[in-house]
Amino acid sequence: PHFMIELPDREDALCFNINDKPGTIFNLVRDPTSGILVNGQTIGDKMIPPDGHVNTYFCRFGIVHQTLGVRLEVSTQDISVFQDNKWVKLQWSETASLKGPNVDLLLTKDRSLTVTLKDSVKFVILLHKVWKKHPYHRDYLGFYTLDSHLLSPVVHGLLGQFYHGIAFEVTDLRPGEVPEKPDATMYVKERQLNVTRGWQRDFRKDVKNGENVPCWFIHSNGTGLIDGNVTDYIVSGLF
Amino acid sequence: TNEATVELCSVTVDCTVASRFAHTVMTSVAVNKVNSSQEIFFEVELPKTAFITNFSMEIEGQVYVGEVKEKEKAKKQYEKAVSSGQTAGLVKASGRKMEKFSVSVNIAAQSNVTFILTYEELLQRKLGQYEILTRVKPKSLVQKFQIVTNIYEPQGLSYVDAHATFLSNELLPLVEKTVSDKKAHISFSPTVEQQRKCPGCDGTLIDGDFIIKYDVNRVKGLGDIQIVNGYFVHFFAPPDLPRVPKNVVFVIDRSGSMSGIKMQQTRQALLEILKDLDEEDHFAIIQFDSDIESWKESLTKATKENVAAGMDYAGNIKDRGATNINDGVLRGVNMLIQDRQEKRLPERSADMIILLTDGMPNHGESNITKIQENVRSAIGGNMSLFCLGFGDDVDYSFLDVMSKQNKGLARRIFEASDATLQLQGFYQEVSSPLLLEVDLHYPDNAVDFLTTNHFSQLFNGSEIVVAGRLLDNGVENFLVEVFGQGFEEDFKVQGQASAVDWNEMYPDEEYIFGDFTERLWAYLTIQQLLEKSKSGPSDEKSNATAKALDMSLQYSFVTPLTSMVVTKPETEDGPDSPLIADKLTEEQRQLADKKQLYTGLINQYVRPVQTAYAASPTYFVDGD
């Protein structure tokens, strides 16, 4: 999966990929103060593509709001919501709107699920449907944070650690391996990184083709940009 | 409060200022009108320069009083409370000038609660005036609403001005102001009807800042010395001193992170600042990213032509590259040293560097401790360094320490539309030195526990304050001397300080608050110790911290080293739980501001306007 931190006030963005064995569960957001947890599990392609590169994608998200007593499990198959001590199941094939005391859901058929957790966070999960008979790829999900300002300053996780901004500087632009993707030096978190100008896609407006967003790509699973190592974010279960 | 189930019986703000030392008591009385218990919130904002000294709640005849404790001890209590699921009250940052104190308590049906918060501060003279700021947001109509301020200034008041951000034409006449030579009384007390936003509606007009500005008559020569109850305070800001020419090097950060609005505002501010230079001043402009570039190799006299050329240069500063603060500042220092050596600068003039940066050194020397060492050793006590920390990501404490180590000041510049004005305002404060190397001498056998009595500069519009304890409580007078370097000659005065009889001066007043000179001295001493604990030599740091803590406890001040603990009454839901009030540090405020800035952006974002999407950060993960 590709991670993107868009910073429009700087007219810039940072991006990195995380690749690990299919089936790995990563922590994306963890806010011990508000009791929010978002974990995601990856899957790989059906078989190894001709280029030999195994891509992984998120196929299942587990979201918990401890204080509100809300749990959500969103997979490429269906959506399960636990609130008021009962489970409700929704299918991606329906359009639905669910307003509860602690959570609002807006499901757009085969496309997106917007979740608003009371006084804490708002996000969208996109469903990418792939032709069933595609030889390699299969359905996967995207996770977009829309509003996280109510989360505490200690919020962390692969996405959460950037919710309160990030300071960086880029200098020393130089030709890279590919002519249209120059390399540069980035100073971030008191480290100096070699980065490459590239782009990644934001699928919110066009779920099929996405929109290219130019970004500074941080190599090796975001090493140097993310706190610690990618393995620090691996968790044992979805909840 | 929730709807009209709580009635606000009274809100009173009672502020007494005696010789710049302000003592404010905020009292709120509320009644729970419903037939079940409910939570009532008390939330007030106080100036960040103030120290809370007391807080109490009276519930059903029982008074719960706050106790100032060492922060670490209070924290333990707090952690215990949190782990057992109880709540705690906290002080939070609120805007640039204020911080918010908030608590909530559960009140039984049909009963009332009284909250009383007391805080104290020494008003600082800035740009020729003192300011008392009271923020009032009662949320609903109040049966008895009153703001009363009494100012006692033995030096005499030169003017007093009162206004509020919420004053309409109807409310304006309700501000009563009585000013005599040495006393001012200002009150504002609208009735319920006058508070109403419109006839018959419940909304209140009272929402905003009530601001009093005043100045005192400046005393020629020695200044004003007051001896009260065994303590003395000396205010020194003589009028009519000619300004000392200055040699100022502007060191401007043009690194990539300054791009956009920050760079634009910096250029605008520089243009205005350059325009204000006096013909006798000298100036230089250095811009840095990973490269250091100076306009000219030495300082230039601020003639009209040179200023115009400098403005041309400043108007073209553009962002690029990384941040090499170390070499940027050192270039400025060396330029001043060389020009001094080559006698290109007037002998009696003030050397200063104004560094403007958004921080984060990442090129050349990037270790901030090393940069501080390099700058200190290059400056060698021969010039002042003023640092302007621009934006929310700046490492403010780095700049704060570095400027204090070099006879200067740091100021945070908040990222907002008025950043240009903030930059200019700071420049105005420091742009007119009147005296250099000011020494205030008091006889060793008469006073001790003196606050700082040497100051690198006295700026126009500011004031030097020194306080101390008298060795003999009965001392009625002692010799005071002040030395400084003025424009054309040395400033040297000496005279006798004598005790002020407040009872004689204010015969009709009751005891104002007798120990204010002692508390002023304690406040000033603690502030200076806290500064020393951050920027002083390492062996003095721990001593200063320990002394500041002792005094905070002794005088019951909530400072960054102490916390106020109030035990909440037992409720049906659980046992007693402590409320903790802390004093925020500038770094903690910065963190909060960052969050607010972020909130602002997100608020734009969540509006259902498609185009707003372009202006807010997004964090996402998706397929490649």
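So that the names make sense, note that chain A is the first sequence line, chain B the second, and so on, each numbered from 1. Worth saying up front: this structure is predicted, and the values here are computed from it rather than measured.
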Student: To the nearest 0.5 angstrom, please state how far the CG atom of A:D172 sits from the NE2 atom of B:H363.
Tutor: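 Result: 7.5 Å between the selected atoms.
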Student: Could you check whether atom CD of A:E190 has more than 12 heavy atoms from other residues, nucleotides or ligands sitting under 6.0 Å from it?
Tutor: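 Incorrect, the count does not exceed 12.
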Student: Is A:F143 close to chain B through its backbone or its side chain, or both, or neither, when contacts mean heavy atoms under 4.5 Å?
Tutor: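 When you check distances to chain B, atoms from both the backbone and side chain of A:F143 fall under 4.5 Å.
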Student: Would the distance check show the side chain of A:E169 and the main-chain N or O of B:N362 forming a donor-acceptor pair, the cut-off being under 3.5 Å?
Tutor: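 No: the side chain of A:E169 does not pair with the backbone of B:N362.
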Student: Check whether A:V213 gets within reach of chain B through its side chain, its backbone, both or neither, counting any heavy atom under 4.5 Å.
Tutor: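 Neither part.
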Student: What's the shortest heavy-atom distance between B:G321 and A:T171, and which atoms?
Tutor: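 Shortest heavy-atom separation between B:G321 and A:T171 comes out as CA-OG1, 3.7 Å.
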Student: I'd like to verify something: which residue of A:C15, A:G142, A:G40 has the highest number of heavy-atom pairs under 4.5 Å with chain B?
Tutor: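 Of the options given, most contacts go to A:G142.
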Student: Is it the side chain or the backbone of A:I18 that comes within 4.5 Å of chain B heavy atoms, both, or neither?
Tutor: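 Neither; nothing under 4.5 Å.
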Student: Would you name the heavy atoms of A:K189 and B:M360 that are closest together and state the gap between them?
Tutor: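 Looks like N-CE, 4.5 Å.
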Student: Using a cut-off of under 4.5 Å on heavy-atom pairs, state which of A:G210, A:A184, A:A167 scores highest against chain B.
Tutor: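 Looking at each option in turn, the highest pair count goes to A:A167.
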Student: Just verifying a value: how many Å separate A:Y187 OH and B:S255 OG, rounded to the nearest 0.5 Å?
Tutor: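 A:Y187 OH to B:S255 OG: 11.5 Å, rounded to 0.5 Å.
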Student: State whether the number of non-hydrogen atoms from other residues, nucleotides or ligands found under 6.0 Å of B:K48 atom NZ is greater than 12.
Tutor: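 Yes - once you tally the heavy atoms of other residues, nucleotides and ligands closer than 6.0 Å, there are more than 12.
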Student: Find the one option among B:G256, B:S259, B:A322 whose heavy-atom pairs under 4.5 Å with chain A are most numerous.
Tutor: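 Answer, by heavy-atom pair count under 4.5 Å with chain A: B:A322.
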Student: Let me know if B:S366 has heavy atoms under 4.5 Å from chain A in its side chain, its backbone, both or neither.
Tutor: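 For B:S366, no heavy atom lies under 4.5 Å from chain A.
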Student: Using non-hydrogen atoms and a 4.5 Å limit, figure out which bit of A:L141 sits close to chain B: side chain, backbone, both or neither.
Tutor: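 Backbone only.
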Student: Check whether A:F168 gets within reach of chain B through its side chain, its backbone, both or neither, counting any heavy atom under 4.5 Å.
Tutor: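 It is the backbone, since no side chain atom gets that close.
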